[in-house]
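Report on the structure given below.
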Number of protein chains: 2
Amino acid sequence: MSSEINPPANDQTSAPDEAFLHECLYFTTNRLSRAISRIADDAFATTGLAPAYGYLIRLVIGKPGITQKELSEKLYITPSTLTRFIDKLEGKRLVERQVQGKTVLVYPTDKAFELEQPIRQASKKLKETYEAILGKEAAALLTASVENAGVQLE
Amino acid sequence: MSSEINPPANDQTSAPDEAFLHECLYFTTNRLSRAISRIADDAFATTGLAPAYGYLIRLVIGKPGITQKELSEKLYITPSTLTRFIDKLEGKRLVERQVQGKTVLVYPTDKAFELEQPIRQASKKLKETYEAILGKEAAALLTASVENAGVQLE
DNA sequence: CATTGTATTTTGTATGTACAACTAAAATAA
DNA sequence: TTATTTTAGTTGTACATACAAAATACAATG
């Protein structure tokens, strides 16, 4: 048992070195992602939808007949994931597919329009919740940095 | 550009308003999380492990006999998720469980020690990769903000 | 000591997500 | 026009992750 590389003196009582976790963007981002997802789930509970579906529906309402390709690009999820999402929303009669050659156009149903306001409400509540904790200013800054990093790393 | 709330005129040809996505911390964080996870997967490919397992092993090596509870707290994942992770690592003979009453102590195997350096190497490569894209300084700032937000939102 | 409560882990089940392989349609080249 | 390549979407499979409920063990107290 050689000890060539001796990490900072580790007296049994203190925690071992965990800096490598907190200095790692992969780790901290996933942690934040889980935390904010919990908050988002709560905020969207009233809509009966997971937050991701709420955003999808907003896009479909914003552009009825939008293709799945466009949706997957805007949401930054893969086409296969999008297929499953649309399957689910179709099952709930919230959207309809219209096959057009090799592409699929997605349309909102009346039921989707009924959900529009509740979804907006939930989005607002979500934002208010994290702004209350982080501060409005800080939240905006963080969101911009995270957005920017996402763009660059993609 | 003093733009408070002014939904840009929506002439049919341009994209519908998607600001709500890019201004939302939930959305941007999940997007970043997917992007950085892809990079991390690549960096860790040489180890034969997903990045999360690499970090887990580092913690176990840092404190042989660490309990599952401690691990789940340090990694911010739920106990049930941790159980599955340990199951998998045990299956690969990288850790061993030692039941101690109602708790479970986790120990690294020799095989785990052999992986220690490759894992460190992969972590390093991961960091270098995103630092090369974001800039060292910017990456550090972002990581700190994200870490901080994660702490506050938990 | 028996009961009742509490903490740790596991298991069943469900969801989000991806990749690879596949199908079908459209576009392009020969 | 036919053959080839590219594009859009789907399906099979796998993994990370969570929650709720069950199993287990320990602790406290009457």
Side-chain angles (χ1 to χ4, degrees), chain A residues 26-27 29-42 44-45 47-56 65-92 95-106 150 154, chain B residues 26-27 29-42 44-45 47-56 65-92 95-106 150 154:
Chain A
Y26 162 79
F27 180 78
T29 300
N30 281 327
R31 179 183 173 185
L32 177 59
S33 167
R34 291 193 289 273
I36 189 85
S37 291
R38 269 188 288 265
I39 294 173
D41 287 346
D42 285 354
F44 276 75
T47 67
L49 291 175
Y53 293 93
Y55 289 156
L56 210 176
I66 189 171
T67 65
Q68 290 192 189
K69 181 166 206 317
E70 268 182 286
L71 284 169
S72 75
E73 282 168 0
K74 289 192 199 308
L75 294 171
Y76 303 95
I77 56 182
T78 61
S80 69
T81 299
L82 198 86
T83 292
R84 322 281 174 162
F85 279 19
I86 301 290
D87 286 350
K88 216 165 253 193
L89 288 180
E90 215 179 19
K92 295 190 180 192
V95 304
E96 278 166 9
R97 279 184 166 103
Q98 189 190 304
V99 178
Q100 188 94 150
K102 73 180 167 188
T103 75
V104 175
L105 310 183
V106 184
E154 227 141 44
Chain B
Y26 162 79
F27 181 78
T29 299
N30 281 328
R31 180 183 173 185
L32 176 59
S33 166
R34 290 193 289 274
I36 189 86
S37 291
R38 268 188 289 263
I39 294 173
D41 287 346
D42 285 354
F44 275 76
T47 67
L49 291 174
Y53 293 91
Y55 289 155
L56 210 176
I66 189 171
T67 66
Q68 290 192 187
K69 182 167 204 316
E70 267 183 286
L71 284 169
S72 76
E73 281 167 2
K74 289 194 199 306
L75 294 171
Y76 303 95
I77 56 181
T78 61
S80 69
T81 298
L82 198 87
T83 291
R84 322 280 176 166
F85 279 19
I86 300 291
D87 286 350
K88 217 165 251 193
L89 288 180
E90 215 180 18
K92 296 190 179 193
V95 303
E96 278 167 9
R97 279 183 165 102
Q98 190 190 304
V99 178
Q100 188 92 153
K102 70 183 168 186
T103 76
V104 175
L105 309 184
V106 183
E154 227 139 44

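We name chains A, B, ... by the order of the sequence lines, and we start the count at 1 in each one.
Atom-to-atom, CD of B:Glu90 to P of C:dT10 comes out at 9 Å; the value is rounded to the nearest Å. In this structure, NZ of B:Lys88 is placed 10 Å from P of D:dA14, rounded to the nearest angstrom. When the C1' atom of D:dG9 is taken as reference, atom CD of A:Glu70 falls 15 Å away, rounded to whole Å. In this structure, the CZ atom of A:Arg97 is 9 Å from the P atom of D:dG9, given to the nearest Å. What separates OH of A:Tyr26 from P of D:dA16 is a distance of 9 Å, to the nearest Å. Atom-to-atom, CG of A:Leu49 to P of C:dT15 comes out at 13 Å; the value is rounded to the nearest Å. For the pair B:Arg34 CZ and C:dC19 P, the interatomic distance rounds to 11 Å; values are reported in whole Å. D:dA18 atom C1' lies 15 Å from atom CG of B:Leu75, rounded to whole Å.
For A:Arg38 and A:Gln68, each mapped to the nucleotide of DNA chain D holding its nearest heavy atom, the one lying further toward the 5' end belongs to A:Gln68. With the nearest nucleotide of DNA chain D identified for both A:Leu82 and B:Ser80, A:Leu82 has the one nearer the 5' end. A residue-by-residue look at A:Ala50 and B:Ile86 shows that B:Ile86 has its nearest nucleotide of DNA chain C further toward the 5' end.
In this structure, B:Lys102 does not reach the C:dT9 phosphate: none of its side-chain N or O atoms is under 4.0 Å from OP1 or OP2. Under 4.0 angstrom from either OP1 or OP2 of D:dA18 there lies at least one side-chain N or O belonging to B:Thr78. Remark: A:Tyr53 is in phosphate contact with C:dG16, judged by side-chain N or O atoms under 4.0 Å from OP1 or OP2.
Of the candidates D:dA16, D:dA8, C:dT10, D:dA16 carries the atom nearest the B:Phe85 side chain, counting heavy atoms from C-beta on. Comparing C:dT10, C:dG16, D:dT10 by their nearest atom to the side chain of A:Val104 picks out D:dT10. Residue A:Thr81 places its side chain closer to C:dT17 than to any other of C:dT8, C:dT10, C:dT17.
Using a 4.0 Å heavy-atom cutoff across all strands shown, B:Thr83 reaches at least one base atom of the nucleic acid. Contact annotation for B:Ile77: backbone-only contact, meaning every heavy-atom pair under 4.0 Å involves sugar-phosphate atoms and none involves a base.
At least one side-chain heavy atom of A:Arg97 sits less than 4.5 Å from a side-chain heavy atom of A:Asp87.
Between the side chain of B:Arg31 and the backbone N or O of A:Tyr76 there is no donor-acceptor pair closer than 3.5 Å. A distance-only check finds a donor-acceptor pair linking the side chain of A:Ser37 to the backbone of A:Ser33 [under 3.5 Å]. When atom types are taken as modelled, the side chain of A:Thr29 and the backbone of A:Tyr26 share no donor-acceptor pair closer than 3.5 angstrom.
The base of D:dG12 is paired with the side chain of A:Arg84 by a donor and an acceptor separated by under 3.5 Å.
Of the candidates A:Leu56, A:Leu89, A:Val95, A:Val106 forms a side chain to side chain contact (heavy atoms under 4.5 Å, CB included) with just one, namely A:Val95.
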